[in-house]
Amino acid sequence: MTTEREHAAYDFAYVQEKWLPVWDKIEPFKSGRADDPRPKKYVLDMFPYPSGDLHMGHAEAYALGDVIARYWAQKGFNVMHPIGWDAFGLPAENAAIKRNEDPKIWTYENIAVQKASMRRFACSFDWDRVFNTCDPEYYKWNQWLFLQLHERGLAYRKDSAVNWCPDCQTVLANEQVVAGLCERCDSAVTKKKLNQWYFKITDYADRLLDDMEQLEGKWPEKVLMMQRNWIGRSTGANVDFQIEGMPDPVTIYTTRPDTLYGATFFVVAADSELAAKLAAGTEVEKEFKQYLDSVKAASDIDRLATDRPKTGVFLQRYAINPVNGEKLPIWASDYVLADYGTGAIMAVPAHDQRDLDFARAMKLPVRVVVETGEEDPNETGVATGGDGKLVNSGSLNGLSKAEAIAQINAQLEKDGLGKAARNYRLRDWLVSRQRYWGTPIPIIHCPKCGEVGVPADQLPLLLPDAAGLDLKPIGQSPLAAATDWVNVACPKCGTAAMRDTDTMDTFVDSSWYYLRYPSSTNHNEPFSRTDVDTWLPVDQYVGGVTHAILHLLYSRFFTKVLFDMDMVSFNEPFTRLLNQGMVLMDGSAMSKSRGNLVRLSDELANHGVDAIRLSMVFAGPPEDDVDWSDVSPAGSVKFLTRAWRLSGDVTSKPGVDFSTGDISLRKATHKALHDAAFAVESFRFNVAIARVMELVNATRKAVDSGCGPADPAVREAVEATAIMLSLVAPYTAEEMWDRLGHQPAIALAGWPVVDEKLLVADAVEAVIQINGKIKERLEVAPTITDAELEAQALALPAIVAELAGATPVKIITRAPKLVNIVIPN
RNA sequence: GCCCCGAUAGCCCAAUGGCAGAGGCAGAGGACUUAAAAUCCUCCCAGUGUGGGUUCGACCCCCACUCGGGGCACCA
């Protein structure tokens with residue numbers, strides 16, 4: 001029966017070539033067969049950007065996601081594990097400019113390359129559901145959704161000082177600016193006053209925050225925390241201040257209305273309209289304008305330096321403190337932000353560090369109104385933020401911070417001077433981009449009708465052909481040059497009108513793609529309600545933590561909008577989330593310039609797909625970074641070979657009755673199955689593999705020097721090993737399954753049912769301690785009672801001797817594991 | 001500056017408050033071999049970053065600190 005081939009060393013290349021075509025035929029991971037009775041599970045990996053061939057990071061991410069998908073398939077679920085490509089975006093466009101060709105060509109070529117690599121990498125993807133976001137069939141629905149948001153007032157245009165990347169020559173969302181730099185190219189981001197499209201994500205701030213309760217314990221705590229910080233809800237009060245010589249009051253926002261009596265001056269954001277209005281016609285108008293120019297010239301980087309000195313201009317105007325009628329000088333400064341709160345604040349230098357810094361710089365008075373027990377801020381220069389008794393505060397005197405806030409809020413509301421209010425750090429999502437390779441915004445600007453949506457029956461609004469367009473970034477969308485495309489008649493009134501020439505942020509594409517997979521071939525709607533109700537929400541999402549805020553927040557926002565549109569019945573898209581770490585080399589991220597790049601294709605050629613997947617999964621907890629210099633793909637090959645060899649040692653026939661097998665090996669098998677399943681379900685894949693390694697070691701021993709290869713327990717152990725290995729090493733597992741005399745595909749063999757009776761050990765070792773120190777060990781039955789164990793322990797000669805007649809103060813017994821006898825020292 | 005996470009053997013990592021070691025890498029020795037490779041077997045190595053506390057008992061819980069990683073950053 002055995003061939004020469006099987007006696008040779010394990011040949012991973014041969015095995016890979018052997019099984020790929022077989023799987024293509026069987027399609028073990030096709031989901032959605034109409035008559036499939038299995039319960040459903042949706043396992044999703046974040047889709048890749050086609051920037052070249054797959055790299056080590058992809059290998060890790062998809063190896064981890066595949067463990068989960070394949071595990072649930074083995075557990076009898078109808079798993080949908082789809083893949084597609086996030087295919088619009090700047091890299092394609094930049095490559096196109098460099099090569100002077102259509103970004104479409106570069107993109108689809110790369111997709112083909114990645115697709116071939118992924119197939120060889122043997123992920124359990126359902127290849128029938130693939131789509132690319134740059135397919136007109138997909139971006140049609142991007143446009144449709146944009147129009148839905150537009151109709152609901154959730155997509156709107158406004159003039160604003162936006163983040164501008166001078167290198168990419170496009171605007172950036174707040175989320176794409178990292179420490180003042182463009183997240184893509186690291187150029188210093190500047191501000192530019194532009195009219196741009198926004199999605200009103202701020203309308204959903206409270207729900208985005210409060211619904212996180214559902215995700216508690218199911219998403220990494222880190223991600224939830226990052227989103228909470230990003231949304232940044234604060235509670236406080238809006239208070240109206242009259243301005244001397246002005247008809248209308250100015251509203252300020254404060255989180256500390258209890259300190260109203262401590263306000264000694266008033267600050268408005270220098271770049272706000274309010275500041276310009278207050279400065280207009282005063283003697284200092286010129287000085288103010290000079291200051292404003294200097295503020296505008298400062299880059300984000302400069303602004304972000306928190307330790308830079310406070311600057312500002314006194315506007316020669318006064319605000320009246322509504323609680324005590326005091327005149328507060330009004331200053332314009334850049335330490336107050338125009339787009340947070342109302343762009344104006346009351347300054348309470350005693351209890352706010354920034355106000356104190358400003359007060360000291362401008363020689364303004366400081367008045368303590370809360371006795372916190374800390375040192376006087378007048379002397380230390382350190383504002384006191386703690387709780388304490390209110391002083392110098394009229395009717396608030398003697399109250400605590402919380403009491404004072406409640407009382408002043410009530411009083412302000414009663415007097416019509418203010419009320420409790422909330423603010424958010426979150427800003428609306430800027431979605432328009434001045435670049436070519438994206439979804440065209442389906443709006444026509446009509447001189448008569450204004451913003452008119454492209455009629456639904458004209459979607460998709462196709463991108464104009466790149467041929468003839470100059471894609472080089474010039475600060476204006478290249479689409480503007482496609483005059484035939486731009487000039488259209490208004491769909492409403494027929495007047496000559498112009499198309500919007502901007503394209504959408506690619507994060508729009510990825511905000512709903514997970515809804516499309518179940519309906520990927522639906523030509524009539526973005527997704528069908530039936531499909532979505534069948535498969536969604538995603539049971540398990542797997543991807544990098546880099547998207548903790550951007551993609552995951554936008555997707556949650558989209559889901560809530562669609563919920564409000566009654567298009568989906570859930571309000572959170574991803575029930576569980578796993579963030580995998582990065583793949584490093586010698587402690588740092590791999591990069592060509594650093595010279596520590598490890599090529600995935602080389603690793604696969606040298607060690608085989610299974611060994612690379614195994615190395616990734618076994619390297620440590622999935623959320624930790626993997627340093628490739630710490631792992632041993634050669635060690636993985638060795639282990640796989642060891643497991644594979646066992647499949648050739650089994651001499652019993654398939655279907656043999658396991659119940660007569662060697663009991664100790666059977667126990668090892670069932671314990672491994674039980675523990676590995678538990679480990680996988682708790683995302684401790686490295687531990688699961690350790691359990692399989694143990695079983696392989698135990699089986700090796702049983703074959704060589706134990707029950708021998710003919711024992712049914714050996715077959716049971718090797719079959720279990722193959723099934724468990726199928727989660728990480730599909731080729732090796734399939735080959736083992738074949739050698740064991742089974743038909744493919746092992747992926748659907750099913751996780752063997754664990755016999756609880758085999759999980760109970762015959763005897764366990766109890767530890768006998770005196771004052772917490774181990775003195776003796778005792779073999780006992782696992783069913784022993786506390787009383788029995790205690791009696792046996794106290795009768796042990798060594799313990800009797802150790803006690804030397806002393807009377808135990810206390811005896812703690814935890815049968816069958818331990819007895820701790822406490823005696824006075 | 002604020003917030004979060006982590007620290008266990010030469011290295012990567014395990015341990016429902018109950019024997020610090022599951023697994024692997026690296027290393028040493030042995031068996032097999034004419035020899036080497038491969039394979040198999042055996043072995044070495046820390047008392048859990050530091051200092052306190054709670055507990056019969058702490059890697060695990062609490063407090064303070066050190067170091068490392070990450071997030072936010074003039075958000076009133």
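Labels below follow one simple rule: chain letters A, B, ... track the order of the sequence lines, proteins then strands, and each chain is numbered from 1.
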Phosphate OP1/OP2 of [N]: any [X] side-chain N/O under 4.0 Å:
| X | N | answer |
| --- | --- | --- |
| A/Tyr335 | B/A76 | no |
| A/Thr641 | B/U39 | no |
| A/Arg814 | B/C56 | no |

Distance check needed: [N] [atom2] versus [X] [atom1], whole Å only.
| X | N | atom1 | atom2 | answer |
| --- | --- | --- | --- | --- |
| A/Leu640 | B/G23 | CG | C1' | 14 Å |
| A/Asn423 | B/A76 | CG | C1' | 9 Å |
| A/Lys310 | B/C74 | NZ | P | 10 Å |
| A/Leu552 | B/G71 | CG | C1' | 15 Å |

>> Testing the 3.5 Å rule here: is there a donor-acceptor pair between the side chains of A/Trp219 and A/Gln227?
In response: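 Note: A/Trp219 and A/Gln227 side chains miss the donor-acceptor criterion.
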> Can you find a side-chain donor-acceptor pair between A/Asp428 and A/Thr202 that sits under 3.5 Å?
Replying inline: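 Short answer, yes.
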Using a 4.0 Å heavy-atom cut-off across all strands, classify [X] as base, sugar-phosphate, or nothing.
| X | answer |
| --- | --- |
| A/Gln769 | base |
| A/Lys222 | sugar-phosphate |
| A/Arg691 | base |
| A/Asn229 | nothing |
| A/Ile774 | sugar-phosphate |
| A/Lys638 | sugar-phosphate |
| A/Asn697 | sugar-phosphate |

> Given A/Asp704 and A/Arg700, is the salt bridge (Lys or Arg N to Asp or Glu O under 4.0 Å) satisfied, shown in steps?
Replying inline: CA-CA 6 Å; A/Asp704 291 349; A/Arg700 179 80 262 154; 2.9 Å; yes
> Would a distance-only check, ignoring hydrogens and angles, find a side-chain to backbone donor-acceptor pair under 3.5 Å from A/Thr254 to A/Arg256?
Replying inline: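 A pair under 3.5 Å: yes.
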>> Here's a test of your reading of the structure: between A/Glu221 and A/Gly635, which maps to the more 5' nucleotide of RNA chain B?
In response: A/Glu221
> Among B/C74, B/A76, B/G24, which nucleotide sits nearest the side chain of A/Asp334?
Replying inline: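 Per side-chain heavy atoms of A/Asp334, the pick is B/C74.
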> Is A/Lys310 positioned over the aromatic face of A/Phe358, cation under 6.0 angstrom from the ring centre and no more than 45 degrees off axis?
Replying inline: no
>> Work out how far the C1' atom of B/A15 is from that of B/C72, and round it to whole angstrom.
In response: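 Taking atom C1' in both B/A15 and B/C72, they lie 35 Å apart.
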